[in-house]
Amino acid sequence: MAVSAIDWTGGSIIASNIPSPVWEGWKGRSVELGLRMECCGAIAIAKTSSNGSQFFAHISNECATAPETVWHIGAKALVVDGMRRLGAPCSDEVFEGGARPWKTDVLVQWAGRRIAIEIQRSYQHLRDFERRQQRYRDTDVECVWLLPRDAYHRLAKATGRVRLKEEFGGRFPASGSIGPCLRHLPVASLHNPERAEIVGAGLLRVTLEAWCRAILERQFQWSDGLWMIETDRS
Ligand SMILES: [Zn+2]
């Protein structure tokens, strides 16, 4: 089950963007249409789930691609699609050389800003998040991290410990809890690319499109240890 596939032009398409009459017309014509799975290049077939959502599936049940990679592909396709729908020019797998080289999953260009969206599925130590974040800052690129559920929780645990130690002297405040996020490390979670929903600490829960818009409008902000969307807090 996948949110995106490669069409006959070689471009990535999102299942939910295809009008339903067109989608119905695609059923049973996969080989002829040349739709391919992004994970392994197998022929992709158009399917509709029992709750009515459109998705791509392998023509046979076999796929050797690791679930983490499938998550990464789906997340990237959704972010690129979300940004483009808002009119923000966006490219994937962008490399910049020079003294402080970086390579990002998604680079958005918007109103003179460059924003890297790092889709980090695999384990990475906090100091590596910070090192990479600094590298972007050094080249005037903003960077926002998007993680799967497990990685998000692991990072939040690590950053929460840092806040407790450095900002609260190792003692929990009277309220008993502290927001776990660091101001210099914007982060959110996409649990499942089949559902375009962004979640995070402090009850952040918005559509992927709302999150993309908040990033473009600088409304995705840090406050009291939480990366939240400003307008959602009222
Ligand atoms: Zn596959």
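What you are looking at is a predicted structure, and each value in this text was computed from that prediction instead of being measured. Indexing begins at 1, ligand by ligand and atom by atom, following the structure's order. The first residue in the sequence is number 1, and the count goes up from there.
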Test side chain to side chain donor-acceptor pair (under 3.5 Å) applied to His153 - qualifying residues, sequence neighbours left out: none
Counterpart residues, side chain to side chain donor-acceptor pair (under 3.5 Å), relative to Arg213 (two or more places apart): Glu209
Connected hydrophobic set around Val31, excluding itself, where side chains approach under 4.5 Å: Ile43, Ile45, Ile59
Proximity of Phe220 and Trp145 rings by center, below 6.0 Å: no
Within one Ile-Leu-Val-Met-Phe-Trp-Tyr cluster: Trp71 and Leu208, side-chain cutoff 4.5 Å: yes
Protein N, O or S atoms lying under 2.8 Å from the Zn ion (ligand 1), listed by chain and number: Cys39 SG, Cys40 SG, His58 NE2, Cys63 SG
With Trp211, the side chain to side chain contact (heavy atoms under 4.5 Å, CB included) member among Leu190, Leu216, Leu146, Val199: Leu146
